[in-house]
Amino acid sequence: MPRSPIRAPKPSLDLSGHLLIFRSPIESPQAGDPDPVPETLTSESLFQNQLPLEIEVGSGKGLFLTSESARNPDHNYLGIEIIHKYAKHSAARLARAGRTNAKMVSGNAEPLFSNHVPAGSLEAVHVYFPDPWWKKRHRKRRVVNQRSIQNFLTALRPGGRFHFWTDVLDYFESTIELIAEIAPEFGVPIPEEKQLSTHDLDYRTHFERRSRKNQIPVYRVRYEKK
Ligand SMILES: C[S@@+](CC[C@H](N)C(=O)[O-])C[C@H]1O[C@@H](n2cnc3c(N)ncnc32)[C@H](O)[C@@H]1O
């Protein structure tokens, strides 16, 4: 199913408090780039406080970050989105809503987790509806893979959560098998319930909304690091 187009935020909207950029060392900075991410991603470096930090990988249009940061003002939220226009769109939602506990990074989550998130520091990692990469030869591009599972496990504090939801049964089952094999510290998967939706944006993410409206089953699970 193709993604619906998104509008660029108004140029007058100030995104400086809600959008950071992460470029690989070989990419040169461009004029007008947002501020770069700090060397170490923590609540202290991002929000100048000590609140628990939750990271969402692949935020898309930013529905989860916008609603969750309002629901839980005692936590900080960082979304990482590799497609710049989506990162900007999500940052604009946060800016318009005046959130002080949520920001977006435009960039690739994989090297950020490998090199910039301190071990044992995170309260939660969220991955919702990652791109399925259907073809077998493309599976290695999946955002939830052997390396990222190890990275998430390392980054989480004991008791920290990893939420993984998808509408792709094969992705769901193979991830559960992989976690059991390589990350036993995650323990057993805990099913997460579908919540009643009370209004048109009352879904965890846009992709959850799209799947539910099209009667597509969604597989939801959470792990808690031992
Ligand atoms: C299918 S969309 C789902 C978006 C959102 N989570 C939702 O459920 O509505 C997956 C998103 O992950 C982003 N993505 C893919 N690889 C990524 C990576 N390595 N780092 C950050 N974001 C990534 C894609 O650009 C895309 O916006």
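Just so you know, ligand 1 is whichever comes first in the structure, and atom 1 is the first atom listed for that ligand.
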Student: Under 4.0 Å from a heavy atom of Ile83: give me the atoms of ligand 1 that qualify, with their elements.
Tutor: 25 (O)
Student: I'd like the name of whichever of Val168, Asp131, Ile80 reaches closest to atom 15 (C) of ligand 1 through any heavy atom.
Tutor: Asp131
Student: Is Gly107 close enough to touch ligand 1? Criterion: a residue heavy atom under 4.0 Å from a ligand atom.
Tutor: yes
Student: What residue and heavy atom of the protein are closest to atom 26 (C) of ligand 1, and at what distance?
Tutor: Arg3 NH1, 3.3 Å
Student: Looking at Lys88, His18, Arg96, which hits side-chain contact (heavy atoms from CB on, under 4.5 Å) with Leu13?
Tutor: Arg96
Student: Could you list the atoms of ligand 1 found under 4.0 angstrom from a heavy atom of Phe129?
Tutor: 1 (C), 2 (S), 3 (C), 8 (O), 10 (C)
Student: Do me a favour and list the nearest non-hydrogen protein atom to atom 5 (C) of ligand 1 with residue, atom name and distance?
Tutor: Gly58 O, 3.5 Å
Student: The criterion is side-chain hydrogen bond (donor to acceptor under 3.5 Å, both in side chains); which residues satisfy it with Arg71, sequence neighbours excluded?
Tutor: Glu68
Student: Is any NZ, NE, NH1 or NH2 atom of the basic residue among Asp33 and Arg23 found under 4.0 Å from an Asp or Glu carboxylate oxygen of the other?
Tutor: yes
Student: Just to confirm my output: which protein heavy-atom neighbour is closest to atom 25 (O) of ligand 1, and how far is it?
Tutor: Glu81 OE2, 2.6 Å
Student: Could you tell me, atom by atom, which parts of ligand 1 come under 4.0 Å of a heavy atom of Gly60?
Tutor: 4 (C), 27 (O)
Student: As a check for students: among Tyr128, Phe207, Phe113, identify the option with a heavy atom nearest to atom 9 (O) of ligand 1.
Tutor: Phe207
Student: In chain order, what residues pass the side-chain hydrogen bond (donor to acceptor under 3.5 Å, both in side chains) check against Gln50, with sequence neighbours excluded?
Tutor: Glu44
Student: Could Lys103 and Asp35 be called an ion pair, given the rule that one side-chain N must be under 4.0 Å from one carboxylate O?
Tutor: no
Student: Below 4.0 angstrom, N of the basic side chain to O of the carboxylate: do Glu193 and Arg220 qualify?
Tutor: no
Student: Which residue holds the protein heavy atom closest to atom 22 (N) of ligand 1, what is that atom called, and what is the gap in Å?
Tutor: Ile82 N, 3.2 Å
Student: Is Arg212 close enough and on-axis enough to Tyr203, meaning under 6.0 Å and within 45°, for cation-pi?
Tutor: no
